[in-house]
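Let me begin by presenting the structure, written as structure tokens, before commenting on it.
Positions are given from 1, in the same order as the sequence printed here.
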Amino acid sequence: MDDKLNHLLERTLHLFYQYGIRSLSMDDISRHLAISKKTLYQYVGSKDELVKKVMDMQSEKNRGYYESVITSAGNAIDKLLDASKYLNQQLRIFNPVMMFDLHKFHPETVSCHLEEERGYFVEKMRDNLLQGIGEGLFRPGLNVDLVALLFVSNLAELHRLDEVLASKITFSDIFQVMFENYIRGIGTPSGIEYFEKEMESIDFTM
């Protein structure tokens, strides 16, 4: 991706996190980015296209990180912990207004994006489960396709939890509980023991 465009999309994403999407016109975005609207339209033809490019950029960034985790040394739990720390950081800056705006005002864009993301992450979770079973960390006999699908589907539904918006509970809080329950549900005794030992050195509040 062109460096200038990538920089523009990164800054736009932060605007979406801060203000949501609907409240920002193209005039607002160009003003915040300190560029002319004409320059902005040299990169995108419409606000919907801008939203799509921002989502594609973030998806590419996320996948790049997860691919580096997947190909790194370490067992299946090590890789899940590394991935969970990154996801937890993303959830801490997540603005539910942005997701609400996406679903209401850019439904086709977000629907296609979520479908692609779900397929990618289900495949990666399935591979992780198979690795963990082979290492004796996860229970043999797991329905890996179903377990992977359920976990990813639950992640995708995080933004729909109204309790988060109406309380002091954060998406990060929910993810931490969901992640720990996931490991305890699929882990062998040795896998859970390893997980508990590793968790002692992890600070999810950072």
Side-chain angles (χ1 to χ4, degrees), residues 1-67 83-122 124 149 151-176 178-179 204-206:
M1 185 178 292
D2 177 83
D3 287 342
K4 290 183 178 179
L5 174 59
N6 190 61
H7 182 62
L8 181 151
L9 296 177
E10 287 273 9
R11 293 175 64 194
T12 302
L13 176 61
H14 287 294
L15 290 176
F16 289 165
Y17 279 148
Q18 185 174 359
Y19 300 105
I21 298 175
R22 183 189 181 191
S23 64
L24 290 167
S25 66
M26 294 294 271
D27 285 313
D28 295 328
I29 294 169
S30 61
R31 185 172 64 255
H32 279 288
L33 298 181
I35 61 175
S36 68
K37 192 162 70 168
K38 179 180 179 181
T39 300
L40 181 58
Y41 276 112
Q42 288 177 352
Y43 290 102
V44 294
S46 65
K47 185 177 179 181
D48 192 65
E49 183 181 350
L50 175 62
V51 169
K52 183 179 184 306
K53 285 184 179 292
V54 167
M55 295 180 71
D56 288 343
M57 177 272 300
Q58 185 63 17
S59 177
E60 183 178 336
K61 179 180 176 181
N62 290 341
R63 292 190 185 195
Y65 180 85
Y66 291 124
E67 288 295 335
S84 70
K85 285 185 286 187
Y86 175 79
L87 179 56
N88 185 66
Q89 291 172 350
Q90 296 299 306
L91 288 171
R92 292 179 69 82
I93 63 173
F94 177 74
N95 182 355
V97 174
M98 174 181 165
M99 188 57 70
F100 175 84
D101 288 348
L102 280 171
H103 280 282
K104 184 160 186 171
F105 302 104
H106 306 274
E108 292 185 7
T109 297
V110 73
S111 178
C112 291
H113 173 79
L114 290 177
E115 191 62 31
E116 291 178 1
E117 293 294 275
R118 181 178 284 106
Y120 171 82
F121 284 108
V122 167
K124 299 308 175 184
L149 178 61
F151 184 76
V152 173
S153 295
N154 286 335
L155 276 181
E157 291 301 309
L158 269 180
H159 65 275
R160 297 186 185 274
L161 295 177
D162 294 335
E163 304 86 53
V164 176
L165 304 180
S167 70
K168 294 182 179 179
I169 300 172
T170 67
F171 290 102
S172 178
D173 293 333
I174 295 174
F175 170 71
Q176 290 172 41
M178 188 172 75
F179 177 68
F204 273 114
T205 63
M206 295 179 63

Quiz item: Which of parallel (below 30°), tilted (30 to 60°) and perpendicular (above 60°) describes Tyr86 and Tyr66?
Solution: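 Ring orientation of Tyr86 relative to Tyr66: perpendicular.
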Exercise. Take the angle between the ring planes of Phe179 and Phe175 and call it parallel below 30°, perpendicular above 60°, tilted in between.
Key: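 Phe179 and Phe175: parallel rings.
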Compare all side-chain heavy atoms of [X] with those of [Y] and state whether any distance is below 4.5 angstrom.
X	Y	result
His103	Leu114	yes
Met57	Thr12	no
Glu10	Lys61	yes
Gln18	Leu24	no
Tyr41	Met26	yes
Met55	His106	no

Quiz prompt | Derivation of the side-chain contact (heavy atoms from CB on, under 4.5 Å) call for Met98 and Leu13 | solution = CA-CA 10 Å; Met98 174 181 165; Leu13 176 61; 3.8 Å; yes
Quiz item: Do Asp28 and Ser25 meet the criterion of a side-chain donor-acceptor pair at a distance under 3.5 Å?
Solution: yes
Could you pull out the closest heavy-atom pair between [X] and [Y], with the gap in Å?
X	Y	value
Leu102	Val110	O-CG1, 3.8 Å
Gly20	Val97	CA-CG1, 4.1 Å
Leu40	Ile29	CD2-CG2, 4.1 Å
Lys53	Tyr43	CE-O, 3.6 Å
Glu116	Arg63	O-NH2, 3.4 Å
Glu49	Val44	OE1-C, 3.8 Å

Quiz item: Between Asp56 and Lys52, does at least one N-O distance fall below 4.0 Å, as a salt bridge requires?
Solution: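 Between Lys52 and Asp56 there is a salt bridge, with a charged N closer than 4.0 Å to a carboxylate O.
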Quiz item: From Asn6 CG over to Glu60 CD, what is the distance, rounded to the nearest 0.5 angstrom?
Solution: 7.5 Å
Quiz item: How many angstroms lie between atom CZ of Phe121 and atom CG of Asn62, to the nearest 0.5 angstrom?
Solution: 6.0 Å
Self-check item: Arg11 side chain vs Leu33 backbone, donor-acceptor pair below 3.5 Å
Solution: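 Flag set: sc Arg11 to bb Leu33 pair under 3.5 Å.
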Quiz item: Counting only N and O atoms by type, is there a donor-acceptor contact under 3.5 Å from the side chain of Lys47 to the main-chain atoms of Ile21?
Solution: yes
Practice problem: Would you check, one step at a time, whether the test side-chain contact (heavy atoms from CB on, under 4.5 Å) holds for Lys4 with Leu8? | Solution: CA-CA 6 Å; Lys4 290 183 178 179; Leu8 181 151; over 6 Å; no
Exercise. Test side-chain contact (heavy atoms from CB on, under 4.5 Å) on Phe16 and Asp101 and set out the steps.
Key: CA-CA 10 Å; Phe16 289 165; Asp101 288 348; over 6 Å; no
Exercise. Could you give me the CA-CA distance, side-chain angles and deciding distance for Met178 and Leu155, then say whether side-chain contact (heavy atoms from CB on, under 4.5 Å) is met?
Key: CA-CA 9 Å; Met178 188 172 75; Leu155 276 181; 3.1 Å; yes
